[in-house]
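Counting starts at 1 for both ligands and their atoms, in listed order. What you see is a predicted model, and the numbers here were worked out from it, not measured in a lab.
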Amino acid sequence: MRLLILLGAPGSGKGTQAKSLAERLGLVHLSTGDILREEVRRGTQLGNQANQHMNAGELVPDDLILDMIKTKLVFDSMNRGFIFDGFPRTVTQAEGLGWLADEVGAGIDRVISLAVDDEVIVGRLSARSSCGVCGAIYNDVSNPPSRAGFCDNDDAALIRRSDDSEAVVRNRLTVYYQQTKPLEEYYSRRGLLLKVDGHGTTDQILTRILTSLAASGTNDRTQV
Ligand code: AP5
Ligand code: MG
């Protein structure tokens with residue numbers, strides 16, 4: 001089973017690129033943020049535990065995240081592989097993923113880190129909306145829906161995330177630099193890191209990622 005990781009700050013485009021990459025490479029897109037938001041919506045025990053952390057822009061505790069990932073990996077272990085979006089986010093989570101991958105006989109192929117300037121991120125997130133039904137991601141400026149406020153795929157009303165207020169975004173960025181950015185060094189030491197410029201159009205960035213995967217020599221199944 002193949003495992004790719006998308007690293008990057010909030011709003012760097014992980015969700016947007018992960019969706020395209022999953023389609024291109026035949027992998028399952030696993031976003032811990034999307035899973036947690038669904039748990040919150042359903043009012044489950046995990047959702048109730050996660051909610052206050054998410055609203056404040058803090059990370060959900062590592063043990064809850066690793067239990068959640070373990071269930072998904074074991075349940076879906078017959079899949080061709082996963083692209084992780086927003087996981088791992090701490091060194092503890094990265095170590096946990098290493099052990100879980102060993103258990104299911106998988107290896108981490110590559111870790112792609114999207115680099116985007118903070119002020120670009122704040123601008124992108126203040127203009128984001130998404131579909132509560134299919135998860136499609138829009139942007140008032142760079143990728144507006146055909147009909148304002150409604151999803152192109154299913155016509156459902158678009159929603160704004162409660163953690164996209166500027167104050168919470170700035171805290172999410174601080175948390176990212178303190179707890180997640182060190183993973184670049186962690187995976188670089190293991191020879192797995194690919195840094196990709198996350199500015200430009202979504203198509204340009206997708207091409208950069210696919211080119212960089214192909215050049216890294218692990219991606220013979222990718223067609224750029
Ligand atoms: P999560 O949902 O993962 O949020 P995040 O990491 O803050 O990232 P975002 O989803 O906000 O941004 P993105 O990088 O996916 O960008 P997107 O493609 O949407 O996590 C939310 C919370 O859950 C966390 O704060 C934490 O509490 C908890 N959590 C989740 N995982 C956890 C974990 N592993 N451990 C602990 N806690 C966890 O793009 C953003 C906008 O920009 C969109 O409007 C998009 O249309 C637009 N856009 C994208 N690309 C471009 C481009 N090239 N040009 C112009 N606009 C663009
Ligand atoms: Mg996302």
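The line from CG of Asp163 to CE of Met54 is 6.5 Å long, rounded to the nearest 0.5 Å.
A salt bridge is defined here as a Lys NZ or Arg NE, NH1 or NH2 lying under 4.0 Å from an Asp or Glu carboxylate O, and Asp34 with Arg37 meets this definition. At a threshold of 4.0 Å, the pair Glu184-Arg190 does not count as salt-bridged, since none of the basic side-chain nitrogens sits closer than that to a carboxylate oxygen.
For residues 9-20, the set of pairs meeting the side chain to side chain donor-acceptor pair (under 3.5 Å) definition, not counting sequence neighbours, comprises Lys19-Glu23. Applying the ring-ring contact (aromatic ring centres under 6.0 Å, His included) test to residues at least two apart or on different chains, none of the pairs has a partner in residues 143-180.
A distance limit of 4.0 angstrom between heavy atoms and ligand 1 selects the residues Ala9, Pro10, Gly11, Ser12, Gly13, Lys14, Gly15, Thr16, Thr32, Gly33, Leu36, Arg37, Met54, Glu58, Leu59, Val60, Ile65, Gly86, Phe87, Arg89, Gln93, Arg124, Leu125, Arg128, Ile137, Tyr138, Asn139, Ser142, Arg161, Asp163, Arg172, Gly200, Thr201, Thr202, Ile205.
With sequence neighbours left out, Asn51 forms a side-chain contact (heavy atoms from CB on, under 4.5 Å) with Val40, Asn55.
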